[in-house]
Amino acid sequence: MKKLFIPVIIFIMSFEFLSFICTKLELFLFNEEPKYSYEEKFLHDWIELDNDGIVWHKKNYETRHMKRCFDVLYKTNNVGARDNINYFKNEKKKSIILIGDSFAEGPGVELDKIFAKIVEKKTGKKVLNFGNSGTEPKTQLVRFLKYNKEYNFDEMIYFFLPQNDYSEKINKNNFKQNISSNTEKKINLNMLKYSISDFLARFTYTYNFFRTASYILNINFKYGYSDISYFYKIKENINYTFNYLERIITEKKIKSYIILIPTIYDINNFQKSRINYKNLYWYKKITELSYRNNVTLIDLMDYIDFNKKADYFHSCDGHWSEYGNNFAAEVFMKNYNKINN
């Protein structure tokens with residue numbers, strides 16, 4: 001054992017040095033610099049409960065979000081939305097309202113590069129960004145009913161994230177009871193894999209080699225996503241959630257768009273799995289809901305370039321990168337222009 005120790009250490013050091021050289025020369029597909037630190041800064045200090053008991057942002061607030069792969073300043077406006085423009089009641093010019101969770105907030109991306117701001121520039125209409133992390137249709141309905149009559153908007157964009165937008169009908173144990181023990185083991189195993197990869201990403205250049213190699217070899221992991229997210233199958237919770245979604249859509253008879261957001265795990269599973277999620281109950285129900293209410297349904301999975309799938313998301317976070325925000329906005333605008341031209 002002792003005889004192997006020194007050669008192994010030499011090999012690891014040599015490989016790290018070689019990876020350092022390749023990173024500096026940008027020979028890998030991914031050439032990120034390690035931070036040599038676990039330091040992160042984001043206390044979610046801009047979040048509070050509003051008068052309705054629903055999580056929302058503090059008004060006119062500023063906070064910093066720093067992770068391994070980004071460092072961004074967040075600011076909110078007079079109503080608590082992540083925006084540099086204030087929202088006023090009964091404005092003469094009609095706007096677009098955006099409802100969603102953290103993907104609408106745009107974590108880790110500068111304000112002018114997030115979906116809402118890109119769409120605002122392309123349409124010439126103000127986008128009222130009421131996206132807030134930790135919310136789903138049930139809680140979003142409460143906020144929508146509050147702002148529905150206060151602001152002058154004639155179009156709605158709704159972000160639906162299958163990964164965590166489903167609500168439990170009975171109690172919080174339902175979800176766990178419906179996940180097989182085998183799936184739970186897979187999730188725990190991949191949490192360990194994430195911890196290892198996170199350590200390598202923070203402290204080594206070798207991580208760039210592994211990430212490049214796995215990308216080239218198309219090595220994907222299912223992360224226990226065989227029956228959740230885009231492959232969710234609990235009908236009771238699906239019906240319960242979509243009831244709230246439909247109430248949001250039908251509360252005000254305006255032109256509406258539902259955008260379905262796949263995570264990197266959904267994309268990986270879609271490539272590897274034999275299951276066509278469009279044949280699953282949830283997808284049929286949301287398609288029916290959209291058709292019944294004359295809503296445009298946009299499934300971003302239909303537009304993914306699988307050769308660039310890693311580019312859509314932060315390397316240290318599951319949310320859209322700048323590239324991902326721009327991609328989503330461009331897909332939306334293609335559909336928007338078809339309808340409005």
Query - Within the 6.0 Å centroid threshold, strictly below: Phe103 and Phe159 - result: no

Taking only distance into account, with no hydrogens and no angle test, what donor-acceptor pairs under 3.5 Å do side-chain atoms of residues 252-259 form with protein atoms, sequence neighbours excluded?
| unit_1 | atom_1 | unit_2 | atom_2 | d |
| --- | --- | --- | --- | --- |
| Lys252 | NZ | Phe153 | O | 3.2 |
| Lys255 | NZ | Asn340 | OD1 | 2.8 |
| Ser256 | OG | Ile254 | O | 3.2 |
| Tyr257 | OH | Glu155 | OE2 | 3.2 |
| Tyr257 | OH | Asn340 | ND2 | 3.4 |

Query raised in the report: What do you reckon, is CZ of Arg292 surrounded by more than 12 foreign heavy atoms closer than 6.0 Å?
Result: yes

Requested in this report: Would you sort out whether Thr63 and Lys75 count as a side-chain contact (heavy atoms from CB on, under 4.5 Å), showing the intermediate values?
Outcome: CA-CA 7 Å; Thr63 189; Lys75 294 182 180 180; over 6 Å; no

Query raised in the report: What orientation do Tyr166 and Phe242 show, parallel under 30°, tilted 30 to 60°, or perpendicular over 60°?
Result: tilted

Report task. Identify, with sequence neighbours excluded, every residue that meets side-chain contact (heavy atoms from CB on, under 4.5 Å) alongside Lys58. Result -> Glu48, Tyr61

Query raised in the report: Do the rings of Tyr244 and Tyr240 sit parallel, tilted or perpendicular, given the 30° and 60° boundaries?
Result: perpendicular

Report task. Might you work through the side-chain contact (heavy atoms from CB on, under 4.5 Å) test for Tyr232 and Asn237, ending with a clear yes or no? Result -> CA-CA 10 Å; Tyr232 195 81; Asn237 292 340; 3.0 Å; yes

Report summary line: ring pair (Phe, Tyr, Trp, His ring centres under 6.0 Å) filter on Tyr281, not counting sequence neighbours, yields none

Report task. With the side chain counted from C-beta on, respond yes when Ile264 and Lys309 share a heavy-atom pair under 4.5 Å apart, and no when they do not. Result -> yes

Query - Parallel, tilted or perpendicular: rings of His65 and Phe70 (30°, 60°) - result: perpendicular

Report task. Using the ring pair (Phe, Tyr, Trp, His ring centres under 6.0 Å) rule, take Phe15 and Phe209 through it: C-alpha gap first, then chi angles, then the decisive distance, then the call. Result -> CA-CA 10 Å; Phe15 201 90; Phe209 166 80; 4.9 Å; yes

**Report entry** Polar side-chain atom of Asp165 near backbone of Phe160 as donor-acceptor pair, under 3.5 Å
**Finding:** no

Query raised in the report: Ion pair present between Glu120 and Lys117, side-chain N to carboxylate O less than 4.0 angstrom?
Result: yes

Query raised in the report: Is it the case that one hydrophobic cluster holds both Ile196 and Tyr207, taking links as side-chain heavy atoms less than 4.5 Å apart, direct or via other members?
Result: yes

**Report entry** Side-chain ion pair, Glu330 and Lys122, N-O less than 4.0 Å
**Finding:** no

Report task. Check the surroundings of atom CZ in Phe88: do more than 12 heavy atoms from other residues, nucleotides or ligands lie under 6.0 Å from it? Result -> yes

Query raised in the report: Apart from Val142 itself, what residues make up its hydrophobic cluster, given side-chain heavy atom links below 4.5 Å?
Result: Ile54

**Report entry** Shortest non-hydrogen separation from Phe313 to Trp320 and the atoms involved
**Finding:** CE2-CD1, 3.9 Å

Report task. Check the pair Val295, Leu289 against side-chain contact (heavy atoms from CB on, under 4.5 Å), reporting the backbone distance first and the verdict last. Result -> CA-CA 8 Å; Val295 171; Leu289 183 156; 5.5 Å; no

Query - Reference residue Glu105; test side chain to side chain donor-acceptor pair (under 3.5 Å); the match among Arg82, His57, His319 - result: His57

Query - Where Leu98 and Asn129 come nearest, the two heavy atoms and their spacing - result: CD2-OD1, 3.6 Å

**Report entry** Audit row: Thr123, Met333, side-chain contact (heavy atoms from CB on, under 4.5 Å) steps and yes/no
**Finding:** CA-CA 8 Å; Thr123 61; Met333 289 307 304; 3.6 Å; yes

Query - Least distance between heavy atoms, Arg68 atom then Ser315 atom - result: NH2-O, 3.4 Å

Query - Thr206 side chain reached by Phe17 side chain, heavy atoms, under 4.5 Å - result: no

Query raised in the report: Do you know which two heavy atoms are closest between Asn325 and Lys113, and how far apart they sit?
Result: CB-O, 3.3 Å

Query raised in the report: disulfide (SG to SG under 2.5 Å): which pairs involve residues 70-137, sequence neighbours left out?
Result: none

Query raised in the report: Is there a donor-acceptor pair closer than 3.5 Å between any side-chain N or O of Asp266 and the backbone N or O of Thr263?
Result: yes

Report task. Only one of Tyr147, Tyr158, Phe144 passes ring pair (Phe, Tyr, Trp, His ring centres under 6.0 Å) with Phe130; say which it is. Result -> Tyr147

Query raised in the report: Is the centre of the Tyr230 ring less than 6.0 Å from the centre of the Trp282 ring?
Result: yes

**Report entry** Remaining members of hydrophobic cluster (4.5 Å side-chain criterion), Leu111
**Finding:** Val109, Ile114

Query raised in the report: More than 12 foreign heavy atoms under 6.0 Å from NZ of Lys146: is that the case here?
Result: yes

Requested in this report: State plainly whether the residues Lys59 and Asp50 are in salt-bridge range, i.e. N to O under 4.0 Å.
Outcome: no

Query raised in the report: For Asn335 and Thr296, what are the C-alpha separation, side-chain angles and deciding distance, and is it a side chain to side chain donor-acceptor pair (under 3.5 Å)?
Result: CA-CA 8 Å; Asn335 288 271; Thr296 301; over 6 Å; no

Query - Minimal non-hydrogen separation, Asp112 against Ile118, with atom names - result: O-CG1, 4.3 Å

Report task. Give a yes or no on whether Lys149 atom NZ has more than 12 heavy-atom contacts from other residues, nucleotides or ligands under 6.0 Å away. Result -> no

Query raised in the report: What about Ile339 and Phe332, same hydrophobic cluster or not, with Ile/Leu/Val/Met/Phe/Trp/Tyr joined at side-chain heavy-atom distances under 4.5 Å?
Result: yes

Requested in this report: For residues Asn60 and Thr76, report the shortest heavy-atom separation together with the two atoms involved.
Outcome: N-OG1, 3.1 Å

Report task. Take the angle between the ring planes of Tyr312 and Tyr323 and call it parallel below 30°, perpendicular above 60°, tilted in between. Result -> tilted

Query raised in the report: Heavy-atom distance under 4.5 Å between the side chains of Val331 and Ile298, does that happen here?
Result: yes

Query - Residues Asp317, Lys67: salt bridge by 4.0 Å N-O rule - result: yes

